[in-house]
Amino acid sequence: MQSNIGPVLGKPYVDMSLMYARKKELGRGQSGVTYLCVEKSTGREYACKSISREKLMLKEEIEYVRREIMIMQHLSGQPNIVEFRGAYEDRRNVHLVMEFCSGGDQFDRVISKESYSEGEAAKIMRQIVNVVHVCHFMGVIHRDIKPENFLLVSKVKDAALKATDFGLSVFIEQGKVYRDIYGTPFYMAPEVLKRSYGKEIDIWSAGVILYILLCGVPPFWGQTGKGLFEAILEGEIDLDSASWPSISAAAKDLIRKMLTREPKKRITASDALEHPWMMKGGEASDKPIDSAVLIRMKQYRAMNKMKKLAFKVITENLSNEEIMGLKEMFANMDTTITFEELKSGLSKLGTKLSDSEIRQLMDAADVDKNGTIDYVGFVTATMHRHKLEKEENLLKAFKYFDKDHSGFITRDDFRQAFNEYQMGDEATIDEVLDELDTDRVFQSLLVNIIWLPNFKVFLFLFFNLWLTVRLHVAGWENKLRGVCDNDEDGDAG
């Protein structure tokens, strides 16, 4: 006789269709699918994130979902944090019902304007930093502060901004040093990469958002994942070139304080809210920021959306069984693994590599340069080589984009893919393609690709996409979190 108690929530199964009418899909991420739903008894609209129980393969993954629910219940009702309605379980899914934020992404609203000012940026930042302040005051580290995790409550001009995703958040334990690598690469604090951090990481991530709002691009870049992490660990913050001369000294001062490398010297959320630039009626100027900032921001956002789509397609070729196999292999090893253990593991996967090639993989995954890699690094290195570089899987992704089977990927092919994944209305899709297609990139690509094997070019592009987002294997409760998860993750509203 089947039990009527769900294994995830430990409560009786619930037939969601009796309480809610499911409407359109709002977003799709590796952690689940988010739908617009209407409460039958009141007619009110909510966002419902449905997580397949098939993706909750390990006890730890079930605990991650339980923790996310506990944190959302704990924070619900606080300013700038999405209202949590409830959690339910049926025989196929776990459902998280929350406030529906219909206004969309704040960054998309910013880049839709002809111009904006430091004052407008300060208004956005006050709400984001307030979320960090509330989290820390109530004993929570968010661990994934990024623009895509904040949505506008409605489409009205002065709609409030709310944090919607707490899938990577954790309760603060007194005296505990956190070592797991979580988050989104561009927004990661250096101490996360060093595997020794606390709540200060959220301020760093918010500082990166402020930098982007005033400059148009992140403060640290790299052609590969390794290059990006090295820049975060060692790079200098540029506050002089491009548009920076027109940015106020107060804004630069706050950025420096939020992006201080020493965590204990970094400004706190409460102090940041009292900074002269951040305060209402403070020193943030109402003078329009250089238009080049908006142009760069549009290009950065467009590329993020393109990466999200590409990453979504390629990761869908990874089965639960393949993920499980990698997990089991690591479970049979130590907490961290050495070069020899990685070599042995790759051999068991049937991968034939020279010692020098394995060393390259080890170096790429060994972020803190201690000669070992943890579970995240292991899965990154093995999957990177064993699965994602297999031509047959990339070929599937290439064929997915090549809708008309012409052997080329055109603007129309990308348009169909964006529509299929519901990644925006026609105007948004046009804007993304236009920003990516500067100087008619797609046209020139079609010309140049004649001289190269089409698929090899595609493999190269996807290889670089993978490097950019490779640490998004962290947090296997989400299987593989996309960069432009982001977030970009198809979660609440």
Side-chain angles (χ1 to χ4, degrees), residues 80 105-111 113 115-136 142 144-150 152 161 163 183-190 192 199-221 231-232 235-261 263 265-280 282-290 292-294 296-298 300-301 304 486-487:
N80 302 116
D105 190 315
Q106 175 68 66
F107 264 39
D108 285 341
R109 180 174 292 193
V110 168
I111 63 179
K113 299 179 178 182
S115 66
Y116 82 113
S117 66
E118 284 189 30
E120 292 175 274
K123 181 180 178 181
I124 295 170
M125 289 305 303
R126 279 195 297 272
Q127 298 177 82
I128 292 175
V129 175
N130 187 61
V131 169
V132 175
H133 172 62
V134 168
C135 284
H136 294 179
H142 189 281
D144 198 22
I145 295 291
K146 61 181 179 180
E148 297 76 24
N149 282 340
F150 292 85
L152 293 159
L161 196 62
T184 302
F186 280 121
Y187 304 92
M188 279 183 181
V192 174
K199 64 183 181 181
E200 297 85 3
I201 65 171
D202 290 338
I203 283 293
W204 175 281
S205 300
V208 173
I209 295 176
L210 175 55
Y211 189 100
I212 294 172
L213 282 171
L214 298 180
C215 176
V217 293
F220 304 106
W221 282 92
I232 292 172
E236 296 295 324
I237 301 170
D238 174 19
L239 294 174
D240 297 312
S241 63
S243 302
W244 284 111
S246 65
I247 301 299
S248 68
K252 294 179 182 181
D253 178 69
L254 180 56
I255 289 174
R256 289 190 185 97
K257 289 177 177 176
M258 296 180 77
L259 296 182
T260 296
R261 292 189 179 281
K265 295 180 180 179
R266 197 172 298 153
I267 194 171
T268 64
S270 58
D271 286 344
L273 289 171
E274 296 297 321
H275 189 277
W277 185 87
M278 187 82 80
M279 295 174 65
K280 288 183 179 179
E283 296 181 17
S285 170
D286 289 327
K287 178 182 177 182
I289 293 175
D290 190 331
V293 172
L294 277 177
R296 287 196 295 269
M297 196 182 300
K298 286 180 180 180
Y300 171 65
R301 295 287 288 160
N304 274 350
N486 226 242
D487 111 25

So, taking the atom named OG in Ser205 and the one named CG in Leu210, what distance separates them when rounded to the nearest 0.5 Å? 12.5 Å
What are the two closest non-hydrogen atoms of Leu214 and Ala121, and how far apart are they? CD2-CB, 4.0 Å
Any donor-acceptor pair under 3.5 Å from Tyr187 side chain to Pro218 backbone: no
Please check if the side chain of Lys265 supplies one atom and the backbone of Thr260 the other of a donor-acceptor pair under 3.5 Å. no
Could you measure the distance from the CD atom of Glu236 to the CG atom of Leu259? Nearest 0.5 Å is fine. 12.0 Å
Check Ala231 against Arg261 and note the closest heavy-atom contact, atom names and distance. O-NH2, 3.7 Å
Test item: Ile289 and Glu120 side chains (from C-beta on) under 4.5 Å apart, heavy atoms: no
Please name all residues satisfying side chain to side chain donor-acceptor pair (under 3.5 Å) with Ser270, sequence neighbours left out, ordered by chain then number. Thr268
Close side-chain approach of Ile209 and Ile128, heavy atoms under 4.5 Å: yes
Do Phe186 and Val217 come close enough that some side-chain heavy atom pair is under 4.5 Å? no
Glu283 meets the side chain to side chain contact (heavy atoms under 4.5 Å, CB included) criterion, sequence neighbours left out, with Ala250, Pro276
Can you sort out the partners of Lys280 under side chain to side chain contact (heavy atoms under 4.5 Å, CB included), two or more places apart, ordered by chain and number? Arg126
Do Ile124 and Phe150 touch side chain to side chain, with heavy atoms closer than 4.5 Å? no
Main-chain N/O of Pro190 paired with Trp204 side-chain donor or acceptor, under 3.5 Å: no
Does His142 reach the side chain of Val132, with side-chain heavy atoms less than 4.5 Å apart? no
CD1 of Ile247 to OH of Tyr211: how many Å apart, nearest 0.5 Å? 10.5 Å
So Ile267 and Leu254, do their side chains get closer than 4.5 Å, heavy atoms only? yes
Which heavy atom of Ala189 sits nearest a heavy atom of Ile232, and at what distance? C-CG2, 4.2 Å
Pairwise distance CG(Leu239) to CZ(Arg256) - rounded to 0.5 angstrom: 5.0 Å
Taken to the nearest 0.5 Å, the spacing of Lys252 NZ from Ile237 CD1 works out to 12.5 Å
Using modelled atom types only, decide if a donor and an acceptor are shared between the side chain of Glu200 and the backbone of Arg266 within a distance under 3.5 Å. no
For Met278 and Leu273 the tightest heavy-atom approach is CG-CA, 4.1 Å
Would you give the length of the straight line joining atom CE of Met279 to atom CD of Glu274, rounded to the nearest 0.5 angstrom? 5.0 Å
Determine yes or no for a side-chain-to-main-chain donor-acceptor pair under 3.5 angstrom, with Asn149 supplying the side chain and Asp144 the backbone. yes
